Amino acid sequence: MTMWNKSVKILTGKETETDEDGFDTFKESYLENVPANFTTTTRNDQIIANQSGYSADQNIEIAACNYNGENILIDEETGYRYEVKRTFQSDKSMNIVLTCERRERDEQI
């Protein structure tokens with residue numbers, strides 16, 4: 001049984017709208033309050049990330065039913081934005097582990 005130690009928002013959609021002055025505005029939609037378990041990355045995660053040209057900053061485990069291939073998570077406590085780089089789900093687990101690279105808070109991906 002996994003004990004959740006944090007919660008995340010999962011970016012589920014992004015729209016561009018034009019405001020009344022003709023400027024583009026971006027509207028993002030999220031699945032919020034998703035229970036998550038933040039764990040440190042393993043040496044193997046670090047090696048694979050290095051070989052693939054990214055850094056493995058955080059493993060985030062969530063229930064697999066909450067994940068549909070999205071690539072952006074936000075730590076609801078700190079506001080840090082994470083890009084999902086790799087996923088792992090064992091055959092018998094109902095959870096999925098997302099190996100993520102941390103981004104700047106307001107960096108658009």
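The shown structure was predicted, so the numbers you read here are calculated from the model rather than taken from an experiment. Computation of the quantities below employed the complete heavy-atom set of this structure, encompassing side-chain atoms and omitting hydrogens, waters and symmetry-equivalent molecules.
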So do [Y] and [X] actually touch side chain to side chain, heavy atoms under 4.5 Å?
X: Tyr30; Y: Glu28; result: yes
X: Val34; Y: Lys9; result: no
X: Cys100; Y: Asp57; result: no
X: Gln58; Y: Tyr82; result: yes
X: Asn95; Y: Ile62; result: no
X: Arg102; Y: Arg81; result: no
X: Leu98; Y: Asn59; result: no
X: Thr12; Y: Glu70; result: yes

When clusters are formed by joining ILVMFWY residues with side-chain heavy atoms under 4.5 Å apart, either directly or through shared neighbours, do [X] and [Y] land in the same one?
X: Tyr54; Y: Ile60; answer: no
X: Tyr67; Y: Phe38; answer: yes
X: Val84; Y: Ile10; answer: yes

Check your understanding: Going from CG on Asn71 to CG on Leu11, what distance comes out if it is rounded to the nearest 0.5 angstrom?
Key -> 7.0 Å
Practice item. Measure the CG-OG distance between Leu73 and Ser7 for me, rounded to the nearest 0.5 Å. Key: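 Answer for the CG-OG pair, Leu73 versus Ser7, is 11.5 Å.
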Practice item. Would you check if there is a donor-acceptor pair between the side chains of Asn44 and Thr42 at a distance under 3.5 Å? Key: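 Side-chain D/A pair, Thr42 to Asn44: absent.
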Revision key, fill the gap. Heavy-atom nearest pair, Trp4 first then Ala36, reads CE3-C, 3.4 Å
Study note, to complete from the structure: Between Ala64 and Gln89, the two heavy atoms sitting closest are CB-NE2, 3.4 Å
Practice item. For Asn37 and Lys6, run side chain to side chain contact (heavy atoms under 4.5 Å, CB included): C-alpha distance rounded to whole Å, both residues' side-chain angles, the deciding distance at 0.1 Å, then the answer. Key: CA-CA 6 Å; Asn37 187 33; Lys6 288 192 170 223; over 6 Å; no
Review point. Does Thr25 reach the main-chain N or O of Glu17 with its side chain, forming a donor-acceptor pair under 3.5 Å?
Key: yes
Practice item. Measure from the side-chain N and O atoms of Asp21 to the backbone N and O of Phe23, and report whether any donor-acceptor pair falls under 3.5 Å. Key: no
Sequence neighbours excluded and cut-off under 3.5 Å, please list the side-chain donor-acceptor pairs for residues 46-53, or say none.
{"residue": "Gln46", "atom": "NE2", "partner": "Thr41", "partner atom": "OG1", "Å": "2.4"}
{"residue": "Gln46", "atom": "NE2", "partner": "Ala56", "partner atom": "O", "Å": "3.0"}
{"residue": "Ser52", "atom": "OG", "partner": "Ile48", "partner atom": "O", "Å": "2.9"}

Exercise for review: Could you check Glu83 against Arg103 for salt bridge (charged side-chain N to carboxylate O under 4.0 Å, His left out), going step by step and ending with a plain yes or no?
Suggested key: CA-CA 7 Å; Glu83 182 177 0; Arg103 299 293 188 182; 2.3 Å; yes
